Amino acid sequence: MNLNIVVLPGDGVGPEVTEQAVRVLREIASTHGHNFHFEEQSAGGEAIKQTGSALPRATLDACLAADAVLLGAIGSPEFDHLPSAQKPEAGLLLLRRTLGGFANLRPVSFHKALASASPLREEVAEGADILFVRELLGGLYFGEPRGITSQNGSWVALNTMRYSASEIERVARVAFEAAMKRRRKVTSVDKANVLETSQLWRQTVSSVAQEYPQVELDHLYVDAAAMHIITNPRRFDVILTENLFGDILSDEAAVIAGSLGMLSSATVGGVVDLYEPVHGSAPDIAGKGIANPLGAIASAAMLLRHTAHLDNQAAEIEAAIQEVLDAGYRTPDIARGTDGQLVSTAEMGRLVTDAVAEIADMRHAYHAV
Ligand code: NAD
Ligand code: IPM
Ligand code: MN
């Protein structure tokens, strides 16, 4: 298998975690005889410093020509004072819009080995396994008009929440298709008691549901959903929601997995799929070599599954992550008390890489007998 992967390390901990994800992918390529080609390009604050643009033309062209894009994180406090359009994050939003992926898949599950890292009691979080399907190209992030103006000597800021039925339909189908391969339940999250966009959302999702009679659909308001996710996470299978609600709820759900550093994502449905951990550039820990690379590594596994259809090899990476956690290795964000052995970002990456190599050897040995 030949794969052309553009890597955008980005800002803060982005380069630290993507380096480990690439290392694991290289191991998969060498053990399975694939030809993965990695091309690094700049994006975000780091690209602003180098070129004046958060998404240089060369980066965008390389991404559009790739089989998949693997991104670290974008954003830095250095640029917080700039207007929205000039911030590093604007480069990320332009990249998402240009690549066209409208469905952002964010799986969140409980890891028994990390039970003590979660603020949730084990009996609450145990067995939780949720797939967020977050709409990624609509809502307040992209709605026009937007801006800050002065009216009668006072500043006024405006954002527009806008959804068309077809934007809702296409992401709803992704959620129902995903549910068909899981536990056949979709919970659609909105604010239909207040917002017109949510009323159209609920009505459209309900009509798409009729094409999937085997899937159970329920609806929750976003405020109640935020509470149910951490009081009874097992009640959920697939959570389908709009852009901003999905952004907020998926970070909240990270407490189920033990840390934001654990979460991965895949953005599908466009011309080129985009893979990125859910976390940001984590300026508070950047440069220290302590960031958790498992979210980025799990995003690489999603890349193998969704873009390359290498389901078994994606599962090998996931099994390797599990093995390393079961063996007690922890970056600081998932270490609690005295349990486990503290490791750096690079050590965690090496441990997962070694576990991938071992799992592949075992498979070969098994097939040889
Ligand atoms: P953040 O996700 O960067 O960090 C939130 C908290 O989680 C911090 O305490 C951080 O140390 C911790 N954390 C995050 N990733 C971790 C990891 N891999 N290992 C261990 N701990 C980790 O969110 P923030 O601080 O609100 O935002 C920082 C910057 O990142 C902002 O500029 C924001 O816009 C940007 N951001 C980018 C993305 C992205 O590129 N997809 C996502 C979220 C935030
Ligand atoms: C995420 C991030 C981004 C988002 C920001 C950095 C634009 O928080 O990927 O979750 O809000 O989508
Ligand atoms: Mn976010």
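Just so it is clear, the structure is predicted and the values come from calculations on it, not from any experiment. Below, each value reflects all heavy atoms present in this structure, side chains not excepted, and no hydrogens, waters or symmetry copies. When a ligand or atom number is given, it counts from 1 through the structure's own listing order.
- Of the N and O atoms on the side chains of S206 and H219, at least one donor lies less than 3.5 Å from an acceptor on the other residue.
- Under the 4.0 angstrom criterion, atom 30 (O) of ligand 1 counts as having a protein heavy-atom contact.
- Neither side chain, S264 nor Y275, offers a donor N or O lying under 3.5 Å from an acceptor on the other.
- Using bins of under 30°, 30° to 60° and over 60° for the plane-to-plane angle, the ring pair F36/F38 lands in the perpendicular bin.
- The shortest heavy-atom contact between C63 and V6 is SG-CG1, 3.9 Å.
- Residues T59 and L8 are in side-chain contact: their nearest non-hydrogen atoms beyond the backbone lie under 4.5 Å apart.
- By the 4.0 Å heavy-atom criterion, S259 is excluded from the residues contacting ligand 1.
- Looking from atom 44 (C) of ligand 1 to the surrounding protein, the closest heavy atom is G280 CA, 3.3 Å.
- No salt bridge links D129 with R234; every basic N to acidic carboxylate O contact stays at or beyond 4.0 Å.
- Less than 4.0 angstrom separates atom 35 (C) of ligand 1 from at least one non-hydrogen atom of the protein.
- Looking only at side-chain heavy atoms (C-beta outward), R336 and R330 stay at 4.5 Å or farther from each other.
- One side chain, E46 or Q50, offers a donor N or O that lies under 3.5 Å from an acceptor on the other.
- Taking a 4.0 Å cut-off on heavy atoms, V13 fails to register as neighbouring ligand 1.
- Nearest protein heavy-atom neighbour of atom 33 (C) of ligand 1: E89 OE2, 3.5 Å.
- Proximity of atom 21 (N) of ligand 1 to the protein is indicated by at least one non-hydrogen atom lying closer than 4.0 angstrom.
- For the residue pair L325 and A113, the shortest heavy atom distance occurs at O-CB, 3.8 Å.
- Put simply, CG on L260 and CG on L263 are 6.0 Å apart, with the number rounded to the nearest 0.5 Å.
- In this structure, atom 2 (O) of ligand 1 has a protein heavy-atom contact shorter than 4.0 Å.
- A salt bridge does not link R106 with E276: none of the charged nitrogens is closer than 4.0 Å to a carboxylate oxygen.
- Atom numbering of ligand 1 starts at 1 in the shown order; those under 4.0 Å from a heavy atom of V278 are 42 (C).
- Polar contact check, D284 against ligand 1: a nitrogen or oxygen pair lies under 3.5 Å apart.
- A cation-pi contact links R134 to Y141, judged by a cut-off of 6.0 Å to the six-membered ring centre and 45° from its axis.
- Distances from the Mn ion (ligand 3) show that D247 has an N/O/S atom below 2.8 Å.
- Residues K87 and E89 are not paired through a salt bridge, judged by the lack of any N-O separation under 4.0 Å between the basic side chain and the carboxylate.
- Short contacts between ligand 1 and A291, defined as distances under 4.0 Å to a heavy atom of the residue, involve ligand atoms 19 (N).
- At a 4.0 Å cut-off, at least one heavy atom of P283 sits close enough to ligand 1 to count as contact.
- Comparing N292, T331, L294, D80 against atom 17 (C) of ligand 1, the shortest heavy-atom distance belongs to N292.
- At the shortest separation from atom 41 (N) of ligand 1 among protein heavy atoms lies E276 OE1, 3.0 Å.
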(Q) Please determine whether salt bridge (charged side-chain N to carboxylate O under 4.0 Å, His left out) holds for the pair R235 and D218, giving the CA-CA distance in whole Å, both sets of side-chain angles, and the decisive distance to 0.1 Å. (A) CA-CA 11 Å; R235 92 180 273 302; D218 68 345; 2.8 Å; yes
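- Around atom 5 (C) of ligand 1, the closest heavy atom drawn from L260, D11, L92 belongs to L260.
- Considering backbone and side-chain atoms together, I74 places an N or O closer than 3.5 Å to an N or O of ligand 1.
- Environment of CZ in F102: crowded, with over 12 heavy atoms of neighbouring residues, nucleotides or ligands closer than 6.0 Å.
- Heavy-atom contacts of G261 reach the following atoms of ligand 1: 17 (C), 18 (N) (cutoff under 4.0 Å).
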What short N/O contacts, under 3.5 Å, does ligand 2 make with the protein, listed by atom pair and distance?
{"unit_1": "ligand 2", "atom_1": "8 (O)", "unit_2": "D247", "atom_2": "OD1", "d": "3.3"}
{"unit_1": "ligand 2", "atom_1": "9 (O)", "unit_2": "R96", "atom_2": "NH2", "d": "2.7"}
{"unit_1": "ligand 2", "atom_1": "9 (O)", "unit_2": "R106", "atom_2": "NH2", "d": "3.1"}
{"unit_1": "ligand 2", "atom_1": "10 (O)", "unit_2": "R106", "atom_2": "NH1", "d": "3.4"}
{"unit_1": "ligand 2", "atom_1": "10 (O)", "unit_2": "R106", "atom_2": "NH2", "d": "3.0"}
{"unit_1": "ligand 2", "atom_1": "10 (O)", "unit_2": "D247", "atom_2": "OD1", "d": "2.9"}
{"unit_1": "ligand 2", "atom_1": "11 (O)", "unit_2": "Y141", "atom_2": "OH", "d": "2.5"}
{"unit_1": "ligand 2", "atom_1": "12 (O)", "unit_2": "R96", "atom_2": "NH1", "d": "2.7"}
{"unit_1": "ligand 2", "atom_1": "12 (O)", "unit_2": "R134", "atom_2": "NH1", "d": "3.2"}
{"unit_1": "ligand 2", "atom_1": "12 (O)", "unit_2": "R134", "atom_2": "NH2", "d": "2.8"}

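- Here the protein heavy atom with the shortest distance to atom 4 (O) of ligand 1 is A282 CA, 4.2 Å.
- The distance from ligand 1 to the heavy atoms of A73 drops below 4.0 Å at these ligand atoms: 40 (O).
- For ligand 1, the atoms closer than 4.0 angstrom to any heavy atom of S76 are 32 (O).
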